[in-house]
Amino acid sequence: MVKIDTSWDEQPVDITSEANFIWSIANKLRGTYMPDKYGDVIIPMTIIRRFECALEPTKDKVLAQYEAMPTYPARAMYKISGFQFYNTSKFDLQELCNDPDNINSNFKSYLAGFSADVQEILRNLDIESNINKMDKGGCLYSVVKAFSELDLSVAKFDSIKMGYIFENLIARFYQNVDAGQFYTGRDIIRLCVSLLLAEGSEDILEDNKVVTVLDQACGTGGMLSTAYTYLKHLNPTADVHLFGQELMGQSYAVGLAEMLIKDQNIDNFKHADTLKEDCFPNQKMRFVLENPPFGTPWGGKDAKQGQEESVKKEYLKGDDGRWPAGLPKSSDAQLLFLQSALNKLDNNGRAAIIENGSPLFTGDTASGESQIRRWLLENDYLDAIIAMPTDLFYNTPIATYIWILSKNKVNKRKNKIQFIDATNIFEKLRKPLGKKRNEFSKENRAQIVKLYTDFQENKLSQIHDNSEFIYREYTVMQPLQRCYAITEQRIQNMVPNLRNFFDPVKYTELKDNARNLSARDTKKLIKFKNNKPIYDQLISILKNNVSDKVYKSPETFIPVIKDLMSDIVDNRLLKKIVEGLSQMDKSAEVQTDKKGNIIYDRDTADSEIVNINTSIDKHMERYVLPFIPDAKAFFEEDLGKKRPVIKTGAEIPFTRYFYEYQKLEKSNVLGDKIRNLENKINAEMQELFR
């Protein structure tokens, strides 16, 4: 078997000085823009200058052809320009500076000369409104002049180096964006690509191999660009096709600009909401790389318009749709992106998805999250989960994980899932960039990939059967044993039992607001008014018959209540009164039904989570019966109901598996430390006030 070299790394690229210079131009925006909005100008101006420099060698030929035939076809013009874009304006940034008085209108005219796809990029970056704002603020000329002197030619900055510059600028710009909408550092992306290629990907080395790569939350295209560079290094003959979808206009615009420079098919880079549509329904992918937004709603008032309707419509397709396993809670779409990624993979496809901790464990047994995890495990799609260090991203310090998914696991991984704890495998940045304080070095990446490919258990790697995380939820109850009595306390406890018949608190509330009630509440108020005399009478009767006498069975107590109030209440209300005056009593008679079967007390119901490989009888013997000898377990799953009762679920408590007990310090040691701190503080205070 051919082994793919996943240790390769791009040559170190230091673009700090270039990025700092570009960003320093932002000083010219002071007074016109707030600092957190500098990126609204710096990023589009960088893109415009990059396009201009790329087109400069062929600009004269393009202008000549345009003057000879203004209707010359765009695709034919691409061949002249050397890229999938061109500009037919006689202006460039330097020329604009020769006429400062008309720089606003001339700049817009210059931009109008770009071909259609560049026009779309500029619209998404809202460049015209920024031109007007800079002009009004008196800084348009100085900004254009500064960028006109910046050399961003392809000869000086290849796509890799230019990508790093964009990454640096975007990282600064996105530091203030909400958590979940952030740029993914290339060190993280390289680890994802290395893990994907480390196993089950030998076919990519075949001559002229067509390799498809998708990112459904592609942002500025960083994951796609890195995967492209990596794949082309491993196999220069490979025909790598990149596909991307991105919702945020600014991110999409930057990404599309990079795809244009890379001469990728820009029809495969879409400005679209993945939760609403799959832009490539007939195309399966060899690899999927994604860092979907964390905690972003797909439903409810905070979701984007149309998302909830689209998601639910897709869900109705069942196994033919993109969410065959179910829908997670509407406040977090991560597991929708994950299901969609699997839907896009071909039969031997592999995916790397970055998630926060929530998809591992949130949700009860019947929840969408639990059922999605169960589906992943039962279909053997989940290959590995790698816990990454905190402080890896530019604007969030939270814990994150890489989920490796596979449609065709290698044999040793069949029905297994590997956990890798890489939380302490990182290098410190010399200078933090936003909240990013840590990064993966080449050596770190090699260590993590080796843990993965070795597929052995050690302190940082664990291997588990899929079934270890699938469980059944049993309801454990005790026999119904209740005693009955009429006491002041029990009367108070009974009142909520009669709430549907008469609710004193709700009655007062409705009566005080009688003029503004809905039809439903008006009906309820009338009902309570009619029932109040009966309620007052039965409470009075009970209080007049308070006694210390205790009854050990309903058969002995019901006749007593009937004698007291059979004239004022029906059997249904009488039953609620009896129940309300009861309490659990293990010395009372065990109640049975008409067939002599023991009735179990729902008020004692508790849940026991039991792995599907564990006998419930053995679990009860070990964990329950020693403490509650008469308890009984019930598996109440019923999938045949109109609303199925689901009691089989899945949870992946990753951190629990790597937890190491830390012995607590002895109290006398802690006491000494506290006293030493107090003495130190007292001494400093005395020194302060001398």
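What you see is a predicted model; the values in this text were computed from it and never measured. For this chain, numbers begin at 1 and follow the sequence in order.
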Nearest 0.5 angstrom please: [X] [atom1] to [Y] [atom2], how far?
X: Y228; Y: H233; atom1: OH; atom2: NE2; value: 14.5 Å
X: N347; Y: R286; atom1: CG; atom2: CZ; value: 10.5 Å
X: W403; Y: I652; atom1: CH2; atom2: CD1; value: 4.5 Å
X: L195; Y: T453; atom1: CG; atom2: OG1; value: 9.0 Å
X: K647; Y: I609; atom1: NZ; atom2: CD1; value: 8.5 Å
X: K329; Y: T362; atom1: NZ; atom2: OG1; value: 4.5 Å

Distance-only side-chain donor-acceptor flag, [X] / [Y], under 3.5 Å:
X: K407; Y: N348; answer: no
X: Q216; Y: T274; answer: no
X: D332; Y: Q334; answer: yes

Is a side-chain N or O of [X] found less than 3.5 angstrom from the main chain of [Y], in a donor-acceptor match?
X: E246; Y: G219; answer: yes
X: Q418; Y: L451; answer: yes
X: K344; Y: Q283; answer: yes
X: N438; Y: T390; answer: yes
X: S201; Y: E199; answer: yes
X: N611; Y: E468; answer: yes
X: K409; Y: L382; answer: yes
X: E277; Y: C279; answer: no
X: R373; Y: P359; answer: yes
X: D380; Y: N415; answer: yes

**Message:** Please determine whether side-chain contact (heavy atoms from CB on, under 4.5 Å) holds for the pair T212 and K284, giving the CA-CA distance in whole Å, both sets of side-chain angles, and the decisive distance to 0.1 Å.
**Reply:** CA-CA 8 Å; T212 50; K284 293 296 184 181; over 6 Å; no
**Request:** Scan residues 298-340 for pairs that pass ring-ring contact (aromatic ring centres under 6.0 Å, His included), counting only residues two or more places apart or in two chains.
**Result:** none
Heavy-atom count check: over 12 atoms from other residues, nucleotides or ligands less than 6.0 Å from [X] [atom1]?
X: K431; atom1: NZ; answer: no
X: K459; atom1: NZ; answer: no
X: N458; atom1: CG; answer: yes

**Request:** Please test I204 against F287 for side-chain contact (heavy atoms from CB on, under 4.5 Å), starting from the C-alpha separation and ending with a verdict.
**Result:** CA-CA 11 Å; I204 67 166; F287 299 109; 3.8 Å; yes
Sequence neighbours left out, what passes ring pair (Phe, Tyr, Trp, His ring centres under 6.0 Å) with [X]? Give chain and number order.
X: Y252; result: F269, H271
X: F361; result: none
X: H464; result: F419, F469, Y657

**Message:** Between E314 and D278, does the side-chain contact (heavy atoms from CB on, under 4.5 Å) criterion hold? Intermediate values first, please.
**Reply:** CA-CA 10 Å; E314 182 75 17; D278 170 13; over 6 Å; no
**Request:** Taking only Lys NZ, Arg NE, NH1 and NH2, and the carboxylate oxygens of Asp or Glu, determine whether E308 and K312 approach each other closer than 4.0 Å.
**Result:** yes
**Prompt:** Can a salt bridge be assigned to the pair K416 and D465 using a cut-off of 4.0 Å between side-chain N and carboxylate O?
**Reply:**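 Result for this pair is yes, salt bridge flagged.
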**Prompt:** For T648 and E637, what are the C-alpha separation, side-chain angles and deciding distance, and is it a side chain to side chain donor-acceptor pair (under 3.5 Å)?
**Reply:** CA-CA 8 Å; T648 305; E637 185 166 271; 3.0 Å; yes
N/O donor to acceptor pairs below 3.5 angstrom from side-chain atoms of residues 638-646, sequence neighbours left out:
unit_1: D638; atom_1: OD1; unit_2: G640; atom_2: N; d: 3.1

Heavy-atom distance under 4.5 Å between the side chains of [X] and [Y], does that happen here?
X: F634; Y: I616; answer: no
X: V213; Y: L224; answer: yes
X: K436; Y: L392; answer: yes

**Request:** Output, in order, the C-alpha distance, side-chain angles, deciding distance and verdict of side-chain contact (heavy atoms from CB on, under 4.5 Å) for D187 and F426.
**Result:** CA-CA 10 Å; D187 57 320; F426 61 88; over 6 Å; no
**Asked** Could you give all pairs that pass the side-chain hydrogen bond (donor to acceptor under 3.5 Å, both in side chains) test and reach residues 614-624, with sequence neighbours left out?
**Response** E608-H619
**Message:** Would N343 and S340 count as a side chain to side chain donor-acceptor pair (under 3.5 Å) here? Give the steps.
**Reply:** CA-CA 5 Å; N343 174 264; S340 185; 5.4 Å; no
**Request:** Walk me through it: do S461 and Q456 pass the test side chain to side chain donor-acceptor pair (under 3.5 Å)?
**Result:** CA-CA 7 Å; S461 171; Q456 295 176 358; over 6 Å; no
